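Data first, discussion second: the structure below is written as structure tokens.
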Amino acid sequence: MTRIAFIGLGNMGAGMCANLVKAGHDVAAFDLNADAVAAAVSKGARAAGSVEAAVRNAEVVVSMLPAGKHVLGVYFGPDGVSDHAPPGALFIDCSTIAVTDAREAHAKAEASGFRMVDAPVSGGTAAAEAGTLTFMAGGTAEAYAQAEPVLKGMGKNIFHAGAAGNGQAAKIANNMLLGISMIATSEAFNLAEKLGLDAQTFFNISSVSSGQCWSMTSYCPAPGPVPAAPSNRDYRPGFAVAMMLKDLHLAGDAARAAGADIRLGEMAEAIYQSLSDAGHDGLDFSGVMRRVKGEI
Ligand code: NAD
């Protein structure tokens with residue numbers, strides 16, 4: 001049993017917090033939204049009315065916040081986590097944020113005598129609720145060893161990706177690949193259809209040929225072949241265009257700073273940006289199929 005403060009009880013954090021309670025931890029929950037705190041309490045967490053109240057006695061602080069500015073503000077802003085957590089506490093930030101923000105957070109945490117792990121997740125709200133998230137963690141071996149048992153309460157596959165910020169690096173490189181492969185899969189299905197194949201026939205062939213990929217076999221953007229995919233429910237998310245675009249912006253910024261050639265990543269960023277500009281932020285990201293077909 002670990003004394004945990006959980007900050008950020010939104011779409012993802014709610015399920016993650018509930019799973020930490022289920023795993024037998026003593027969890028104090030805080031969010032700016034009082035309804036989110038009440039929902040966490042109904043699942044067995046203790047209510048905290050402020051960051052200070054949440055972290056005062058915590059051995060571990062877990063956060064699941066929208067973006068880097070929220071993470072840096074909650075941990076290191078006025079009356080933040082680092083002002084009130086016990087010396088030596090471990091900070092585990094699971095939000096998806098820029099590699100540079102994550103590395104800044106690590107440096108500030110260490111300068112104030114805390115340990116930190118950046119541990120973004122792969123998997124959506126269903127995996128957060130089921131406790132089957134994949135975690136990719138960055139930080140020292142000691143910090144990772146301390147974080148691992150806590151992460152196991154919320155996820156199925158846990159990886160130590162290396163030093164500070166490497167969890168975020170793994171996350172955005174993976175999601176850039178996903179964004180590109182979803183567009184590529186949509187183009188391939190559209191081309192096959194225009195040349196006379198139906199989606200199921202092309203799926204049967206390509207899913208056991210060299211074009212096979214997760215976007216095709218687990219999340220097919222053409223309706224039919226993968227019944228659970230959002231393409232069969234009018235592209236309701238799932239994983240929305242706005243979230244894919246956020247990750248592609250993070251990948252683009254990181255690549256430009258690192259001098260990495262990501263021409264296809266930038267093209268994917270532009271395509272998802274155009275969907276967002278046209279008002280399709282809430283569409284599942286596999287709805288890019290409709291753009292490829294010229295429907296939207
Ligand atoms: P969300 O907006 O539903 O939840 C964020 C929560 O943080 C909200 O409840 C909000 O009130 C709270 N919050 C914001 N500022 C705060 C502050 N200063 N103090 C306390 N609470 C504060 O977002 P989400 O969908 O849960 O996503 C969280 C993170 O997980 C994001 O970084 C996102 O990119 C990442 N992520 C999301 C998914 C997904 O499918 N939703 C999948 C993988 C990763």
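Here the structure is a predicted model, which means the values were calculated and not measured. Order of appearance sets the numbers: ligands from 1, and atoms from 1 within every ligand.
At distances below 3.5 Å, not a single donor-acceptor pair connects side-chain atoms of D118 with backbone N or O atoms of A102. For T140 (side chain) and A143 (main-chain N/O), a donor-acceptor pair under 3.5 Å exists by modelled atom type. The backbone N or O of L9 lies less than 3.5 Å from a partner atom in the side chain of D31, making a donor-acceptor pair.
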- Task: With side-chain contact (heavy atoms from CB on, under 4.5 Å) as the test, would you mind laying out the steps for D83 and V51 before giving the verdict?
- Result: CA-CA 10 Å; D83 286 334; V51 165; over 6 Å; no
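Here E295 does not pair with R291 in a salt bridge; the nearest charged N to carboxylate O distance is not below 4.0 Å. Between R46 and D26 there is a salt bridge, since a side-chain N of the basic residue sits under 4.0 Å from a carboxylate O of the acidic one. Comment: E266 engages R256 in a salt bridge, judged by a side-chain N to carboxylate O separation of less than 4.0 angstrom. Ion pairing between R103 and D101 fails under the 4.0 Å rule for side-chain N and carboxylate O.
For atom 30 (O) of ligand 1, the closest non-hydrogen atom of the protein is M64 CE, 3.0 Å. In this structure, the protein non-hydrogen atom closest to atom 26 (O) of ligand 1 is M12 N, 2.8 Å. Nearest to atom 16 (C) of ligand 1 among the protein's heavy atoms is L32 CD1, 3.5 Å. Atom 22 (C) of ligand 1 has its closest protein heavy atom at L65 CD2, 3.4 Å. For atom 18 (N) of ligand 1, the closest heavy atom belonging to the protein is V74 CG2, 3.3 Å. The protein heavy atom nearest to atom 40 (O) of ligand 1 is G124 CA, 3.6 Å. Distance from atom 10 (C) of ligand 1 to its nearest protein heavy atom, with residue and atom name: D31 OD1, 3.5 Å. The shortest contact between atom 4 (O) of ligand 1 and any protein heavy atom is with G10 CA, 3.3 Å.
Note on ring orientation: taking the six-membered ring where Trp is involved, the planes of W214 and Y219 are parallel (angle under 30°, cut-offs 30° and 60°). The aromatic rings of F202 and F189 lie perpendicular to each other, with more than 60° between the two planes, well past the 30° mark.
Heavy-atom contacts of P66 reach the following atoms of ligand 1: 5 (C), 7 (O), 14 (C), 31 (C), 32 (O) (cutoff under 4.0 Å). Atom numbering of ligand 1 starts at 1 in the shown order; those under 4.0 Å from a heavy atom of T96 are 32 (O), 34 (O), 35 (C), 44 (C). The G8 neighbourhood of ligand 1 comprises atoms 7 (O), with distances under 4.0 Å to a heavy atom of that residue. Short contacts between ligand 1 and V121, defined as distances under 4.0 Å to a heavy atom of the residue, involve ligand atoms 43 (C), 44 (C). Short contacts between ligand 1 and S95, defined as distances under 4.0 Å to a heavy atom of the residue, involve ligand atoms 32 (O). Near K246, the atoms of ligand 1 lying under 4.0 angstrom from a non-hydrogen atom of the residue are 31 (C), 32 (O), 33 (C), 34 (O).
Using 4.0 Å as the threshold, G123 has a heavy atom nearer than that to some atom of ligand 1. Under a 4.0 Å heavy-atom criterion, A36 is not in contact with ligand 1.
Checked by atom type, the side-chain pair H160/E148 shows no donor-acceptor distance below 3.5 Å.
Under 4.0 Å from ligand 1, the heavy atoms of I7 that appear belong solely to its side chain. Contact annotation for K171 and ligand 1: only side-chain heavy atoms (C-beta onward) come within less than 4.0 Å of the ligand. Contacts between N11 and ligand 1 below 4.0 angstrom, taking non-hydrogen atoms only, involve backbone and side chain alike.
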Would you mind writing out the side-chain donor-acceptor pairs for residues 56-63 within the sub-3.5 Å range, not counting sequence neighbours?
| from | atom 1 | to | atom 2 | distance (Å) |
| --- | --- | --- | --- | --- |
| E59 | OE1 | R3 | N | 2.7 |
| S63 | OG | Y75 | OH | 2.8 |
| S63 | OG | D93 | OD1 | 2.7 |

